[in-house]
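Here is the structure we will look at.
Counting starts at 1 for both ligands and their atoms, in listed order. Computation of the quantities below employed the complete heavy-atom set of this structure, encompassing side-chain atoms and omitting hydrogens, waters and symmetry-equivalent molecules.
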Amino acid sequence: MQQTAEQIFAQINYLSLAEDLRCKGYAIIDHALPIELETALLKHLMDTPSEKMRVAGIGREQQQTLNSFVRRDQIKWIEPTTQVEQAWLSHMEALRLILNRQLLLGLFSYESHFAQYNAGDFYKKHLDAFNGQTNRVLSTVYYLNPNWQAEYGGELVMYDPENHTQEIERILPELGRMVIFLSEEFPHEVLPADRMRYSIAGWFRVNNSINNQVDPPK
Ligand code: OGA
Ligand code: MN
């Protein structure tokens with residue numbers, strides 16, 4: 001029998017997730033996914049040959065400006081080509097349905113990529129979306145680093161939407177932790193770490209189709 005979205009996410013308190021998003025604009029969920037999927041994703045990323053990872057660009061066009069002053073991570077877009085990527089995407093699809101039911105956001109699609117930050121890599125303070133340009137509504141970051149310690153660095157720094165110089169929280173990229181935030185509201189930054197840092201960054205988008213042409217993601 002097919003599981004409902006709520007059954008798939010039975011292990012998280014999605015009511016308090018929705019409440020946090022409504023009241024604060026962001027939420028942190030530990031142990032967001034089943035442990036088997038968490039382990040499989042980490043293994044998949046560690047087994048990905050480095051030539052399959054690409055230097056990340058800025059902006060969503062193909063002719064991205066590669067700007068190593070802003071970001072230094074390497075990425076690989078997730079496609080439903082392997083079982084583990086399919087499992088990730090079906091969990092995020094379940095989350096999309098839950099968020100739409102709880103928050104009436106009209107989220108239409110989800111795009112995501114693996115990201116690898118080598119020691120010393122960073123992503124300077126940025127917004128994931130500007131004035132609806134990319135139709136990114138909610139950003140997600142899911143971390144794949146077992147036993148991450150504060151002294152390693154590599155925190156995600158969240159800044160105040162009203163005052164972009166004011167830090168509101170530093171979040172360690174610990175295995176199984178998911179951070180979800182409003183893409184247009186929260187400036188955020190990835191601090192350099194002293195070792196490899198793995199994550200999956202993703203975005204729930206609304207549709208902006210014109211003349212029946214579905215707005216392409218990425
Ligand atoms: C991003 C991003 C945050 C992180 O990829 O846009 O902000 O903690 N990632 O990896
Ligand atoms: Mn970002």
Side-chain angles (χ1 to χ4, degrees), residues 21 25-30 32-33 38 41-42 44-46 48 53-61 64-78 85 88-89 92 107 109-150 152-161 164-165 167-205 217-218:
L21 286 173
Y26 76 102
I28 303 171
I29 318 161
D30 284 331
L33 298 178
E38 178 181 289
L41 284 164
L42 176 59
H44 180 82
L45 186 49
M46 293 180 80
T48 301
M53 307 291 289
R54 292 274 172 268
V55 173
I58 300 160
R60 58 197 286 251
E61 302 306 322
Q64 291 160 333
T65 323
L66 295 178
N67 189 342
S68 59
F69 292 108
V70 177
R71 67 185 297 188
R72 291 268 169 95
D73 55 325
Q74 311 227 55
I75 67 165
K76 182 174 153 311
W77 286 97
I78 294 182
E85 286 170 295
W88 162 259
L89 291 172
M92 296 314 281
L107 305 173
S109 65
Y110 183 70
E111 58 187 357
S112 56
H113 62 62
F114 292 109
Q116 174 183 317
Y117 290 73
N118 291 313
D121 286 352
F122 53 79
Y123 195 160
K124 294 269 201 270
K125 191 194 297 180
H126 65 281
L127 284 168
D128 285 346
F130 310 93
N131 307 322
Q133 263 180 4
T134 58
N135 311 320
R136 288 173 170 177
V137 175
L138 275 184
S139 300
T140 66
V141 199
Y142 180 68
Y143 296 111
L144 292 167
N145 310 287
N147 304 312
W148 193 268
Q149 304 297 311
Y152 301 168
E155 294 101 330
L156 171 68
V157 186
M158 300 292 289
Y159 291 91
D160 188 339
H164 290 192
T165 58
E167 265 186 49
I168 49 177
E169 191 164 355
R170 289 189 175 207
I171 302 162
L172 293 179
E174 174 62 24
L175 177 65
R177 178 167 293 157
M178 190 179 287
V179 184
I180 307 181
F181 57 92
L182 293 169
S183 305
E184 287 182 18
E185 299 289 321
F186 288 88
H188 55 285
E189 172 176 13
V190 180
L191 298 179
D194 68 357
R195 65 200 63 210
M196 188 78 89
R197 174 194 192 273
Y198 292 118
S199 60
I200 299 175
W203 299 273
F204 288 110
R205 302 168 73 238
K218 293 176 196 169

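For R72, there are no side-chain hydrogen bond (donor to acceptor under 3.5 Å, both in side chains) partners at least two apart in sequence or on another chain.
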Next item on the list: For the pair T140 and V179, evaluate side chain to side chain contact (heavy atoms under 4.5 Å, CB included) and give the outcome as yes or no after the intermediate values.
Entry: CA-CA 6 Å; T140 66; V179 184; over 6 Å; no
Next item on the list: Could you walk me through whether H113 and I200 pass side chain to side chain contact (heavy atoms under 4.5 Å, CB included), step by step?
Entry: CA-CA 6 Å; H113 62 62; I200 299 175; over 6 Å; no
Note to self: Before you tell me yes or no, could you show the steps for H188 and Y159 under ring pair (Phe, Tyr, Trp, His ring centres under 6.0 Å), namely the whole-Å CA-CA distance, both residues' side-chain angles and the distance that decides it to 0.1 Å?
What the structure shows: CA-CA 6 Å; H188 55 285; Y159 291 91; 8.9 Å; no
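Considering backbone and side-chain N/O of D128, one or more are found under 3.5 Å from N/O of ligand 1. Between D73 and ligand 1, no N or O atom pair is found at a separation short of 3.5 Å.
The ligand atoms of ligand 1 that sit less than 4.0 angstrom from a heavy atom of W203 are 6 (O). Which parts of ligand 1 touch S199 is read off a 4.0 Å heavy-atom cut-off, strictly below it: atoms 10 (O). Residue contact check: L156 has heavy atoms under 4.0 Å from atoms 3 (C), 8 (O) of ligand 1. Numbered from 1 in the order shown, with element, the atoms of ligand 1 that lie under 4.0 Å from a heavy atom of A201 read 5 (O).
In terms of protein heavy-atom proximity, atom 8 (O) of ligand 1 is closest to Y143 OH, 2.5 Å. From the protein, the heavy atom lying nearest to atom 3 (C) of ligand 1 is V190 CG2, 3.4 Å. Among all protein heavy atoms, the one lying closest to atom 10 (O) of ligand 1 is R197 NH1, 2.9 Å. Among all non-hydrogen protein atoms, the one lying nearest atom 1 (C) of ligand 1 is Y123 CE1, 3.7 Å.
Counting only distance, with no hydrogens or angles, the side chain of K125 and the backbone of H164 share a donor-acceptor pair below 3.5 Å. For the pair Q116 (side chain) and F114 (backbone), a donor-acceptor distance under 3.5 Å is absent. The backbone N or O of S139 lies less than 3.5 Å from a partner atom in the side chain of S183, making a donor-acceptor pair.
At a 4.0 Å cut-off, not a single heavy atom of E189 sits close enough to ligand 1 to count as contact.
A tilted orientation is assigned to the rings of F204 and Y110, their planes being inclined by 30° to 60°. Ring pair Y152/W148 is perpendicular by interplanar angle, where above 60° counts as perpendicular and below 30° as parallel.
Under 4.0 Å is where a charged nitrogen must lie from a carboxylate oxygen, and between R136 and D128 no such pair does.
Because its NZ or CZ atom is both nearer than 6.0 Å to the ring centre of Y117 and within 45° of the ring axis, R197 counts as a cation-pi partner of that residue.
Counting only protein N, O or S atoms, 3 lie closer than 2.8 Å to the Mn ion (ligand 2).
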